[in-house]
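The structure appears below as structure tokens.
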Amino acid sequence: MRMLLMGNGAIARGAVEGGVQVAAGYPGTPSSEVLGTLAALAPDKNIYVEWSVNEKAALEVAAGASYAGARAMVTMKQVGLNVAADPLMTLAYIGVKGGLVLVVADDPGPHSSQNEQDTRKFAAFAKLPVLDPATPAEAKEMARQAFALSEQLALPVILRPVTRVCHVCQDVAVDENAAFAAPAGRFEKSPDWTIFPGLAAKKHVWLNRQQEAARQLFNSSPFNALYGSKDELSPAGVIACGVSFNYVQEALQLSGISLPVLKTGTPYPLPDEPVLALLRRVDRVLVVEELEPVVEEQVIRLAWRHGLPVRISGKHDGFLPREGEFSVDRVQPVLLAWLCADGAAKGAASGPELPRKEGEAGVHRGQPDPAGVEAAAGISASTPEPPPLPVRPPVLCAGCPHRASFYAFKKAAEGKDAVFTGDIGCYTLGNAPPLNTVDTCLCMGASVNIAAGLYRVEPERPHVAFLGDSTFFHTGLPGLINAVYNNARIVLVVLDNRTTAMTGHQPHPGLGRTAMGVQGKELDIARLAAACGVEFVRRADPYDLEAAINVAAEALAFPGPAVVVMRRECVAVTKSTSRCLIDPEKCLNCRLCIEELGCPAIFPGPEHPEIKGQCNGCGLCAQVCPAGALEEAVK
Amino acid sequence: MSLDIVITGVGGQGNVLASRILARAAMAAGLAVRTSEAIGMAQREGVVTSQVRMGDPLWGALIPSGGADVLLGFELAETVRGLPRLKPGGVVVASAAVIVPVTAALGLAAYQEEDLRNYLRRNVENLHLVDAGALAEEAGHPRAVNTVMLGALAGLSIMPFDAEHLLRTVLDIVPAKYRGINSRAFELGRRAVGGY
Ligand code: SF4
Ligand code: SF4
């Protein structure tokens, strides 16, 4: 059966066909839908699926399942792997019993991330094999085969899809009836599960040997294949990794050029046989891969060790950038420039029309621009410049409770020169005008510790840390304990909107509902804070502006660590039935409602502000209006 | 034969759904298909661009700049922003809807509605400007804009399948109680471009 699947859905399907029994993860764009899909399939396929509090917990849960012989999967985004790095680095030494696959989604661009770290490099650092799919269909196949590979090598295997695989939809063949006869799981006791320096020393030798074993397996992997010109000798060839393969193929086709292209889906450890076979046929090779030169460096090493006189181009000689996402537009001019560099393509590159985006192409340094063709847009060459286009950054939703919480603290801290440290979630958008209430953002759970650190240097200044409910459980809690232990005078505001909103509304321990929909214990954030020793803990409803401002003012005045839980459901979940209307008679057209809040549902009109359909009737603007011109109504 | 469609709009307008419907229709017609869009932060009222590729040959999901056959614009300024993605002589089906961003409401950016509309009229040869919002209301629900736009696209007879096929896909996906509204919205969109 063929289904239209998003890459993440395809990976989940592949995992099911590959016999996954236990899956755990923490949401993070672009990885979240893998676990979401598995959770939806769980009851039918008899799989256990959980959202864990963070990536470290998820990996350890999966490791435990694997120790007992089950096939297990962990999902996260690239920065999540940093949180899981501690168990990962040593799990590589211990090894696994049941196949263990980590899905770590990378985000070249970046589109939705705080950095562009390359998981392939992380895999090489951890000495673990990594698979890099070009399409959702390939990602599914890799997910399916990765469990057996993991068992064969007794190592965790990393599947690293990028955003343009995770969030690409493709028609994919699905086997609804695939069945995997799972062995009955049982943990067999052995000293090999307990890492001590002695075992680590022994296992390090084993781990290094496994690198060669993995390389051998990858030599015959279906995820590596040679495309294009099969001529015995060719002056030039390309090695392309993951999604870059698509861009290379399309660029060659658009340019009417045929070259041997080695596609690799196994960037580490790079299989030597197909690479050497290509290197022996060509004089020059261009390695095309997004982000770090992981494949390129292994190719250089191979060529050097085998004394092959091949010129290897890529990132090290500046043809390709180490940053950002690739596309046909970025790859095509580079490919042509590289071919032209010493005429190796024998004129093949002359003449083709090159559609390309201004400022995106010709990214290589010091190379002549072979394209030299202006962007061929869908409008004629003589088309004038368009009128200025408004910038449209993402903003908090209309009626988002975070807007009200930020505003309450901003009001309470007026004239106090407060610093607002932010965290990872929708609420990072509180940085934008007119709120301007996110002065720092680093990584999950950092807000509270950054505030505490700032406090050490400027103790007279108020420091207010904001983080979300899910982030509080992820890594916020240890920071709070640290602040109490070391008596940092900070205010931690937990923006409790009862969901993990940014990544698509996953549940978390504060709700008690699990990934598979089972209702269990709700962990109460305020009671947790009190149990951590915080002496000032208050709950407030951000929609009640006056009360929220009062609580904020009290918290700011408290001489020790203080916690305020701002609790109100995410409007994207509740789908409100009310809205605000403006009374033109009463409105002074002072525009305070617009200028104070930046709600996307209010915009200036000819006589008075107008309220649009996406208003959720949160009532915040009504509480800001000095004339009482805004009133709640039914949608 | 292959067809590359770029859909532009503002987060929350539902262009991701439009891209899925087109992809399903293509798949049901036996064509290979790829779609791509940035999911995540941009969906909070930011710029959202979807790409749909169908037919043969297909490599990646990203349409080369200046290579799209069709630009389906859900919002006026975003349609203008998307123009460089269109190939020379490509078709633009655009909704006349205007969504003023917060930056403009705060006076930090300008939204020159008339200029943008005139720019499209003067510079796009194959322009079909549709009052999708009004047609959706006429069909029975403001959220039927999506279907109006798909109807308009189908009315141009440039898809590798016919309008009825696309309508069937739409009706397959929407909840049963909204089928009437969506059929009407589709027909209104189709008629708006003279598609009979
Ligand atoms: S009530 Fe006011 S602030 Fe709240 S969503 Fe509606 S317009 Fe925006
Ligand atoms: S999705 Fe929820 S949390 Fe995110 S901006 Fe919208 S209302 Fe706020």
Side-chain angles (χ1 to χ4, degrees), chain A residues 2 4 29-30 109 111-112 134-135 163-164 167-171 243 245-247 249-250 253-254 327-329 332 355-358 360 375-380 383-384 386-397 426 429 432-434 502-503 594-595 598-600 602-604 613-614, chain B residues 10-12 19-20 23-24 26-27 31-47 57 59-68 71 77-78 80-81 83-90 92 100-106 108-112 115-116 119 123-125 142:
Chain A
R2 291 191 85 75
L4 183 70
T29 311
H111 294 278
S112 248
T135 61
T163 303
R164 297 299 179 181
H167 287 167
V168 159
C169 290
Q170 183 184 1
D171 49 309
V243 288
F245 169 72
N246 302 325
Y247 309 137
Q249 288 296 84
E250 189 160 347
Q253 187 185 306
L254 283 172
S327 60
V328 183
D329 301 324
Q332 189 180 21
R356 54 168 266 238
K357 210 191 272 172
E358 291 270 77
E360 272 221 349
I379 37 185
S380 66
T383 304
L389 291 163
V391 285
R392 199 186 290 277
V395 294
L396 294 170
C397 296
C426 280
L429 297 172
M502 181 91 260
T503 46
I594 297 173
E595 280 153 21
C599 170
I602 328 180
F603 65 111
Q614 71 259 53
Chain B
V10 176
S19 95
R20 294 295 148 75
R24 271 172 204 270
M27 206 178 94
L31 299 162
V33 60
R34 305 269 195 286
T35 73
S36 180
E37 46 250 328
I39 293 172
M41 201 164 257
Q43 284 179 312
R44 311 272 179 271
E45 306 251 349
V47 178
W59 294 107
L62 298 182
I63 300 169
S65 174
L71 173 65
E78 296 316 320
V80 175
R81 210 193 302 275
L83 280 180
R85 295 170 174 275
L86 193 66
K87 74 180 187 195
V92 176
V100 179
V102 172
T103 47
L106 293 170
L108 303 172
Y111 194 112
Q112 302 169 359
D115 294 355
L116 290 169
Y119 180 82
N123 297 298
V124 182
E125 221 178 292

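Convention: sequence-line order gives letters A, B, ...; per-chain numbering from 1.
Between chain A and the residues B/A104, B/A32, B/G11, the most heavy-atom pairs under 4.5 angstrom are made by B/A32. Contact tally against chain A (heavy-atom pairs below 4.5 Å) for B/P142, B/A23, B/A110, B/P101: the top residue is B/P101. With chain B as the partner, the residue from A/H111, A/R2, A/Q253 showing the most heavy-atom pairs under 4.5 Å is A/Q253. Options B/A61, B/A26, B/G60, B/A68 differ in how many heavy-atom pairs under 4.5 Å they form with chain A, and the most are formed by B/G60.
With a threshold of 4.5 angstrom between heavy atoms, A/P600 approaches chain B through its backbone and through its side chain. In this structure, the portion of B/P57 lying under 4.5 Å from any heavy atom of chain A is its side chain and not its backbone. When heavy atoms are compared at a cutoff of 4.5 Å, A/V328 approaches chain B solely by way of its side chain, counted from C-beta outward. For B/A109, the part lying near chain A is the side chain, with the backbone staying farther off; criterion is any non-hydrogen pair under 4.5 Å. Heavy atoms of A/H167 lying under 4.5 Å from chain B belong to its backbone as well as its side chain. Contact of B/Q112 with chain A is made through the side chain alone, with heavy-atom distances under 4.5 Å. For B/V33, the parts lying near chain A are the backbone and the side chain together; criterion is any non-hydrogen pair under 4.5 Å. Only the side chain of A/S112 comes within less than 4.5 Å of a heavy atom of chain B; its backbone N, CA, C and O stay farther away. Contacts of A/V391 with chain B are made by both backbone and side-chain atoms, with heavy-atom separations under 4.5 Å.
For B/R24, the CZ atom sits in a loose shell: 12 or fewer heavy atoms of surrounding residues, nucleotides or ligands are nearer than 6.0 Å.
Distance check: A/T135 OG1 to B/R34 CZ gives 6.0 Å after rounding to the nearest 0.5 Å. Once rounded to the nearest 0.5 Å, the distance linking CG of B/L116 with CG of A/L389 reads 6.0 Å. Residue A/M502 holds its CE atom at 6.0 Å from OG1 of A/T29, rounded to the nearest 0.5 Å. Here the OG1 atom belonging to A/T163 is positioned 12.5 Å from the CD atom belonging to B/E37, to the nearest 0.5 angstrom. With rounding to the nearest 0.5 angstrom, the CZ atom of B/R85 is 9.0 Å from the CG atom of B/L71. Taking SG of A/C599 as the start and CD of B/E45 as the end, the distance is 8.5 Å to the nearest 0.5 Å.
Qualifying side-chain contact (heavy atoms from CB on, under 4.5 Å) partners for A/P433, counting only residues two or more places apart in sequence or in other chains: A/N436, B/L108. Scored by the ring pair (Phe, Tyr, Trp, His ring centres under 6.0 Å) test, A/Y247 finds no partners at all (sequence neighbours excluded).
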